Amino acid sequence: MRSAKSFFNGAIARSDLRRYWPVLFLYVGLWLIFLPIPVWNRAAERNPALVNLTELCADTYATAVVLALIFGGIMATAVFSYLMQTRSVGAMHALPQRRGTLFWTHFLTGWAMLAAGNLLVLAVTALTALLGGLALTPALLTWFVVATLLDLIFLALGTLCAMVTGWLLAVPVLYAAVNCLAVALTWLGQQLAELLLDGFTMPDVQPVITRWLTPVYQLICDLGQSGPKYSPFLTGKLPENYIQNADCASGLTPQGWRTLLIFTAVALVLTVLSRLLYGRRKSELSGDAAAFSWMRPVFRLGVGLVGGLPLGMLLYVLVSVGRSGDFSPARLCVCMAVMGIVCYLAAAMLVGKTLRVLPKRLPGAAVTALALSALPAGRFCFEGFLSTSKKSREEHLESLRGEGRTMIFYEAPHKLLATLQDLSAAFGAERRISLCRELTKLHEEVVRTTLGEAVARYTENAPRGEFVVVVEGAQQAPVEAITLDAGAALVRAEMEKGLSKKDAVKLVAKQTGLPRNALYEAALQDKD
């Protein structure tokens with residue numbers, strides 16, 4: 001019975017705390033180095049009245065972004081690591097808790113652990129400031145809010161990455177890719193523009209859309225105010241009324257607050273999206289690179305595109321070494337296409353967990369299926385895919401009704417049942433058939449049965465995978481043996497039609513299979 005009383009389970013939360021406290025310990029340890037210790041050193045080196053606690057807190061915002069980036073990803077990977085193993089996810093989902101309860105318990109526990117670490121650092125910093133004779137300011141509380149919201153932002157992003165893959169090592173890789181993809185694609189686009197467009201120069205400031213699609217970049221700019229390249233909200237230059245964080249009573253500029261709240265709102269949306277994906281994620285897909293089937297083509301195409309651009313440029317440089325002449329756009333396109341295909345196939349190998357990723361709709365699959373079918377293979381014909389038009393399909397099958405050779409068809413899973421029904425109607429339910437699925441792949445299967453039994457089988461169980469259908473040829477009716485006397489009568493009948501004896505014997509011998517010499521002698525005796 002599933003629990004519906006609460007969206008949070010204390011026992012699971014305590015289990016996460018016992019397992020992942022080293023992450024919290026390391027997080028707090030680093031923050032003690034970056035905030036309380038510098039506060040103590042500054043207070044000990046000079047007059048406490050000259051030390052600005054607001055400035056010290058503001059100087060750590062860039063550090064807060066980096067630490068949230070690192071530990072948000074680590075915590076998301078840790079609390080949802082059970083999704084990557086079939087046994088652990090089966091045990092977790094067997095608990096009498098709804099999936100919503102499981103998700104929110106793990107997510108909120110991870111965020112609460114980081115927030116508790118921030119609260120501990122806040123208390124230690126406040127105590128350090130008081131012991132050093134420094135006056136407490138609202139900036140210390142602002143630091144706590146900023147650090148906690150940054151943890152939420154990157155924890156939500158890491159959680160989304162954990163929802164879409166079933167490989168533990170793929171989570172940090174995907175997390176890193178999401179955080180730097182926009183910047184990498186922008187840089188590649190600018191490099192291509194510099195090669196292809198005369199007069200184009202690389203800009204000093206990243207485009208607005210690139211900054212906002214790269215949270216760590218925009219947050220460091222607007223919270224940490226990173227020097228001369230600081231990029232305010234929707235602008236590419238410093239405003240006239242530019243102010244520092246330390247000039248604000250709260251320790252953070254309105255621009256910084258605005259950016260932080262925008263990304264916090266996005267994080268809440270990502271969290272809800274992750275919850276929806278968690279509810280639809282299948283437990284048996286743990287261990288797969290893509291946790292959802294619709295993601296597999298997206299992953300293959302994405303890797304092919306993103307990997308083909310830089311590797312294609314690198315290949316172009318390598319093949320152009322020692323060549324004199326102008327830049328060749330055609331050669332560059334060819335290099336990118338080649339490397340894109342290589343990256344696409346590599347991604348397909350990862351998703352399919354096999355080195356065999358080429359399509360099976362090749363003659364080799366037909367020959368393999370014929371060998372496995374146990375049907376007569378002396379003579380066969382390859383018919384490929386049947387037409388989707390009902391009329392053309394019926395005409396095609398009607399032409400094969402008397403075909404004595406073994407026939408080979410290809411069919412997709414969503415059309416297999418209809419094809420089997422048409423074959424059964426055309427050839428009869430007792431015709432022998434072999435259905436070969438996913439040949440040379442992990443889930444290869446060969447089913448030898450009759451057309452009628454195959455229709456019943458796949459009416460109850462939906463087919464999956466690509467099929468090669470091998471159908472037995474029609475049984476030829478036996479030819480009755482003909483005697484020499486009957487053959488002689490046929491020869492006489494042909495001669496009456498005007499043929500010579502030689503031509504008549506030759507024709508009848510061909511029709512009946514009787515020896516020509518014996519047939520000629522019988523015709524002579526019949527004449528006598």
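Just so it is clear, the model here is predicted, and its values are computed rather than measured.
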Could you give the side-chain donor-acceptor pairs of residues 56-70 under 3.5 Å, partners two or more places apart or in another chain?
residue : atom : partner : partner atom : Å
Thr60   : OG1  : Cys57   : O            : 2.6
Tyr61   : OH   : Gly251  : O            : 3.2

Please table the atom pairs, donor to acceptor, closer than 3.5 Å between any side-chain atom in residues 176-184 and protein atoms at least two apart or in another chain.
residue : atom : partner : partner atom : Å
Asn179  : ND2  : Tyr175  : O            : 2.8

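In terms of the ring-ring contact (aromatic ring centres under 6.0 Å, His included) criterion, residue partners of Phe467 (sequence neighbours excluded) are, by chain and number, Tyr458. By the side-chain contact (heavy atoms from CB on, under 4.5 Å) test, Pro254 is found to be paired with Ile243, Cys248, residues two or more places apart in sequence or in another chain being considered. Scored by the side-chain contact (heavy atoms from CB on, under 4.5 Å) test, Thr186 finds Gln190, Gln206, Pro207, Thr210 as partners (sequence neighbours excluded). Residues satisfying the ring-ring contact (aromatic ring centres under 6.0 Å, His included) test with Tyr278, not counting sequence neighbours, are His93, Phe103. Not counting sequence neighbours, the partners of Leu119 by the side-chain contact (heavy atoms from CB on, under 4.5 Å) test are Leu122, Phe144. The side-chain contact (heavy atoms from CB on, under 4.5 Å) check on Thr54 picks up Asn52, Thr137, Ala139, with sequence neighbours excluded.
Residue pairs that meet the ring pair (Phe, Tyr, Trp, His ring centres under 6.0 Å) test with at least one member in residues 281-307, sequence neighbours left out, are Phe292-Trp294. For residues 155-165, there are no side chain to side chain donor-acceptor pair (under 3.5 Å) pairs, not counting sequence neighbours. Screening residues 19-32 for side chain to side chain donor-acceptor pair (under 3.5 Å), with sequence neighbours left out, gives Tyr20-Ser81, Tyr27-Trp31, Tyr27-Asn118, Tyr27-Asp151. For residues 249-268, the set of pairs meeting the ring pair (Phe, Tyr, Trp, His ring centres under 6.0 Å) definition, not counting sequence neighbours, comprises Trp212-Phe263.
Atom NZ of Lys282 is surrounded by 12 or fewer heavy atoms from other residues, nucleotides or ligands within 6.0 Å.
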